[in-house]
Structure formats: structure tokens, C-alpha cells
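Data block below; observations after.
Below, each value reflects all heavy atoms present in this structure, side chains not excepted, and no hydrogens, waters or symmetry copies.
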Amino acid sequence: MDAKDILGLPKNVHPLTQEKKSRPQKDSQRKPDGISREVYALTGGVPPLMPSVDTSQLKKRPPTDEKVTWQWLPFTNSARKDNLQLYHWVRVVNGVPPTGDYSFAKYNKSVDVVRYTDEEYEKFLTDPMWTKDETDQLFDFCERFDLRFIVIADRFPSSRTVEELKDRYYSVSRAILVARAPSPGDVSGNPLVKEPYNVSQERERKRALSMVLSQTKQQERKDAEVIAEAKRITESRMVAQSADEPELPVASNSGLENAEKAIVLGDNVSPSSNAQLPSAAVSPSTLIADNALTLASLRMLRVYLRTYALDQMIQAASSSAGLRTIKRVEQTLQDLGVNLKPRVPTKAVCSEHLELRKEILTLLNLQKQLQYKEAEGSSFRDSPYETPGTPKDRMFIPDSMSFGGERVGKRDQKRKAPGRLTEAPSSPAQSKRPRKLKASDL
């Protein structure tokens with residue numbers, strides 16, 4: 001009897017209808033070297049994020065000439081003063097145990113506590129709130145517990161607070177250092193002298209800290225709302241102030257306007273043209289708006305490098321300039337031996353750098369105007385009869401004069417009026433042959 005008899009199922013020794021199902025082949029993944037099959041099976045075939053075992057160390061064999069053993073040997077710690085002898089396992093190579101101090105003795109750090117004499121105490125360290133015995137005991141505890149004042153306050157016999165113990169220790173140490181120094185300047189850099197302990201500030205700090213730690217969730221949410229509202233008000237005031245004060249803190253608007261005018265005039269004016277120079281090449285309102293936007297963007301950053309602010313100022317000043325003018329300014333700076341960017345960008349240096357750029361732009365503008373005036377003067381000298389505004393294709397012909405100018409005048413009159421009768425004055429008789437008489441004249 002088998003399971004089919006128990007369940008009442010027919011016995012099919014050789015089922016013909018069922019076909020063998022093809023099993024999908026599993027992707028064979030090769031096991032990495034240095035890892036056992038059991039450990040690799042636990043990972044599920046997924047490699048770890050970081051290699052935990054270096055395979056090169058697994059294959060590394062110890063040298064054959066070294067015999068390594070582990071022995072249970074005694075040792076002493078130099079950090080202990082009682083010469084206590086303990087035991088631990090030590091790696092011994094070729095039967096030679098390691099020598100030297102205990103490996104963990106280097107972590108024993110102690111505080112150098114200043115000590116005083118009886119004469120120094122009577123001369124510099126007397127205090128009506130402290131006796132000499134309490135002061136001696138305090139310094140002994142400080143040296144024993146490495147200035148752990150919480151432990152010192154717990155072990156101190158009299159009821160003294162942590163702040164009182166700190167104040168007494170640091171005040172005594174500072175007084176001894178100043179008294180032993182040849183001059184006060186020798187110990188001015190010592191932390192005990194440079195940053196003296198403030199008892200009132202320490203008590204206020206602890207009180208404020210206890211208040212913060214004792215706040216409820218509702219009080220914390222309320223404080224967060226107040227801080228967010230204060231931040232919003234501060235930002236709105238900064239935007240309003242930047243709109244009300246468009247002047248730049250380093251360079252004035254007038255200087256920037258002159259620089260912009262110099263840039264535009266230097267790019268647009270050619271010496272050969274006879275057009276008049278424009279009186280205002282750039283609108284001052286546009287310059288003020290650009291300066292205000294630059295200053296507002298810097299104020300919104302709140303924290304920025306002065307070199308970044310200088311670059312923004314230069315870009316705002318040369319926004320309307322052409323590439324040729326900017327290159328001429330940079331070439332002038334290099335000829336003068338000035339760096340394109342200050343090496344020490346202090347406020348004064350940045351101000352002088354912008355002022356120098358403004359003066360260079362003004363110089364370029366004056367050079368362009370001088371070239372224009374020279375070209376205009378040379379054109380006047382070449383054509384003395386030509387006046388400004390006279391078209392070049394129109395010739396100026398003077399009236400016919402009595403000194404040899406009648407031929408030109410007659411030709412002009414004949415060109416204008418084809419008739420023989422003219423209103424021009426008669427020329428002298430010597431200048432032409434006599435006319436023959438006709439029958440109609442008699």
C-alpha cells in the first residue's frame with residue numbers, strides 16, 4: 001500500500017500523456033577565488049559592496065624561514081606607578097619575544113597642572129573665599145582626575161559648585177603664570193591668560209541650555225515660526241533697501257555713467273565720418289537700473305567673495321561695451337603692470353581698481369574724440385568752400401566776376417537759359433571782335 005492507495009488515485013506506472021517538462025538551465029556563476037563554497041552560497045551570488053577579504057592575502061604563505069608561535073608572557077605598563085605585572089598572549093617569531101614598552105601605554109595622556117609654593121600663595125593667591133587647604137586639595141584632585149571637574153565636584157569634601165572649582169583653578173594658574181613670567185608679553189599668548197574663565201557667562205550659558213532642553217514641542221514650533229517670520233522680514237527689508245539705495249558701495253554712479261559713455265562712443269565713432277557726436281549715448285536710468293540689480297543680487301546672497309562682487313561690478317560697467325573696447329582696456333592694464341584681478345581684493349583695492357578702469361575708459365573716449373576732431377579739421381582744410389551740412393555732390397560756383405570769370409558765367413547762363421538775351425553785364429569791347437552791321441540795323 002502506498003500513498004495513491006490511501007488517496008484512491010489510479011496507478012499509472014507509465015503515464016503516456018504527461019511529458020517531461022524542460023527545466024530552464026541555471027546560469028552558472030563561477031565562485032571567486034579565496035572564498036569557501038558555503039560562504040559564497042550565503043551571499044546568494046551577489047558580490048558585497050566593499051571587498052571584505054583581500055584575496056591576495058589568502059594565498060600569501062608565511063616565509064619558510066620564520067617560525068611563529070603565540071606565548072603567554074608577562075608584561076608591565078609604564079603608565080602605572082605600582083609596577084603591576086600582568087600576562088597576555090604575544091606573537092613570538094623564531095623564539096624571540098618582542099621587546100619595548102606596552103603598546104597601549106602611549107595613550108596615557110596626563111595634564112600638566114601648575115604647582116605653587118607657600119611663598120607664592122601668600123604673595124599672589126590669597127582669597128577670602130578659599131583657604132590654603134581647600135586650594136591644595138583642589139589642585140591634587142585636578143592632577144589626579146585630569147581636570148574632570150564633574151568628578152572633582154563629586155569627590156570634593158566641601159559643597160562647591162563646578163563653576164566655583166573652575167574659577168578657583170584657572171584664576172590661580174593664571175596668577176602663577178603672570179607672576180613667574182619676566183614680562184606680561186611673554187605669557188600673553190597663553191590660553192589661560194588670553195581667554196580667562198568667565199563665571200557669569202558660564203552660569204548664563206547653562207541656564208539658557210536648561211531652558212532650551214526643558215521646552216515642549218509646542219514652544220519649539222512657536223519659536224520656529226518666530227524665526228521664519230523674522231527671516232522673511234529681514235529679506236523684505238533688504239530688498240526695499242537695495243531699491244532705495246541704488247548707489248554702489250565701491251564706485252559712484254557718475255563714474256560708471258562716464259565709463260559707459262566712453263565705451264559706447266569709442267565703439268560707434270569713426271574719424272572719417274562727418275556726423276556729430278551724440279550728447280547722451282547711454283540712458284542714465286538704464287545704468288542706474290543695472291547697478292541697482294547688481295547690488296540687489298549681491299545683497300540677496302548675504303555671503304559672497306569680494307572677488308565675485310568685483311567681477312559683477314566690472315561686468316555691469318562694461319555691459320554695453322564691445323569686445324574690442326574690453327580688450328583695449330585689458331591691454332592698457334597689462335601695459336601699466338596691473339593685474340586684471342587684484343591679488344589682495346580688499347575693499348580699498350577693489351575701489352581703486354574700478355576707478356582705474358573708469359579712467360582708462362575715459363582716456364579711450366578722449367582719444368576717439370581727438371581723432372574725430374583731427375579728421376574733421378583736415379577735411380575742412382582740404383575743401384575750404386565746403387561747409388558742414390553741404391552735400392558733397394553739389395558744387396559751389398561763385399558769381400561771374402570781371403577778372404576772367406565771364407566765360408564760366410556765360411556757360412552757366414547758357415546751360416540754364418538757352419536764349420541769346422541775358423541779364424549779364426556787357427563785357428568790355430576790347431575783349432571781343434566788332435559785330436558786322438546788317439540791313440535791318442540801318
Derivation and outcome, side chain to side chain contact (heavy atoms under 4.5 Å, CB included), residues Asn365 and Gln369: CA-CA 6 Å; Asn365 180 30; Gln369 292 183 8; 3.4 Å; yes
Any side-chain heavy atom of [X] sitting closer than 4.5 Å to one from [Y]?
{"X": "Leu361", "Y": "Val329", "answer": "yes"}
{"X": "Pro98", "Y": "Arg91", "answer": "no"}
{"X": "Phe380", "Y": "Ser378", "answer": "no"}
{"X": "Arg328", "Y": "Gln367", "answer": "yes"}
{"X": "Asp167", "Y": "Asn198", "answer": "no"}
{"X": "Leu138", "Y": "Trp130", "answer": "yes"}
{"X": "Ser183", "Y": "Asp186", "answer": "yes"}
{"X": "Glu164", "Y": "Met129", "answer": "no"}

Using a strict cut-off of less than 4.0 Å between a Lys/Arg side-chain nitrogen and an Asp/Glu carboxylate oxygen, indicate whether [X] and [Y] qualify as a salt bridge.
{"X": "Arg232", "Y": "Glu229", "result": "yes"}
{"X": "Asp101", "Y": "Lys106", "result": "no"}
{"X": "Glu120", "Y": "Arg180", "result": "yes"}
{"X": "Glu330", "Y": "Lys327", "result": "no"}
{"X": "Asp140", "Y": "Arg155", "result": "no"}
{"X": "Arg205", "Y": "Glu202", "result": "yes"}

Side chain to side chain contact (heavy atoms under 4.5 Å, CB included) between Asp223 and Gln215, intermediate numbers included: CA-CA 10 Å; Asp223 291 345; Gln215 282 184 346; 3.0 Å; yes
Would you say [X]'s side chain and [Y]'s backbone share a donor-acceptor pair under 3.5 angstrom?
{"X": "Thr126", "Y": "Glu122", "result": "no"}
{"X": "Asp146", "Y": "Ser110", "result": "no"}
{"X": "Asn190", "Y": "Leu192", "result": "yes"}
{"X": "Ser188", "Y": "Gly185", "result": "yes"}

Hey, is [atom1] on [X] packed in by over 12 heavy atoms from elsewhere, all under 6.0 Å?
{"X": "Gln218", "atom1": "CD", "result": "no"}
{"X": "Lys206", "atom1": "NZ", "result": "yes"}
{"X": "Lys222", "atom1": "NZ", "result": "no"}

Near-ring test Trp89/Trp70, centroid separation under 6.0 angstrom: no
Polar contact flag, side-chain donor to acceptor under 3.5 angstrom, Gln334-Asn339: no
Parallel, tilted or perpendicular, as decided by the 30° and 60° cut-offs, for the rings of Tyr116 and Phe139: perpendicular
Ring geometry between His88 and Phe75 (parallel below 30°, tilted from 30 to 60°, perpendicular above 60°): tilted
Rounded distance (nearest 0.5 Å) linking atom [atom1] of [X] with atom [atom2] of [Y]:
{"X": "Glu163", "Y": "Leu165", "atom1": "CD", "atom2": "CG", "value": "9.0 Å"}
{"X": "Tyr107", "Y": "Tyr102", "atom1": "OH", "atom2": "OH", "value": "11.0 Å"}
{"X": "Arg144", "Y": "Cys142", "atom1": "CZ", "atom2": "SG", "value": "12.5 Å"}
{"X": "Leu125", "Y": "Asp118", "atom1": "CG", "atom2": "CG", "value": "10.5 Å"}
{"X": "Ser379", "Y": "Arg381", "atom1": "OG", "atom2": "CZ", "value": "8.5 Å"}
{"X": "Ser214", "Y": "Leu209", "atom1": "OG", "atom2": "CG", "value": "9.5 Å"}

Check against side-chain hydrogen bond (donor to acceptor under 3.5 Å, both in side chains), Thr332 and Asp335: CA-CA 5 Å; Thr332 307; Asp335 295 341; 5.4 Å; no
So which heavy atom on [X] is nearest to which on [Y], and how close?
{"X": "Arg168", "Y": "Asp127", "value": "NH1-CB, 3.4 Å"}
{"X": "Val187", "Y": "Ala181", "value": "CG1-CB, 3.6 Å"}
{"X": "Phe156", "Y": "Ser158", "value": "CE2-OG, 3.0 Å"}

Audit row: Phe141, Val151, side chain to side chain contact (heavy atoms under 4.5 Å, CB included) steps and yes/no: CA-CA 9 Å; Phe141 282 169; Val151 181; over 6 Å; no
Pair Glu143-Arg115, salt bridge (charged side-chain N to carboxylate O under 4.0 Å, His left out): steps then yes or no: CA-CA 10 Å; Glu143 187 176 4; Arg115 286 294 185 173; 2.7 Å; yes
Full working for side chain to side chain contact (heavy atoms under 4.5 Å, CB included) between Asn77 and Arg80: CA-CA 6 Å; Asn77 190 355; Arg80 301 182 64 95; 4.1 Å; yes
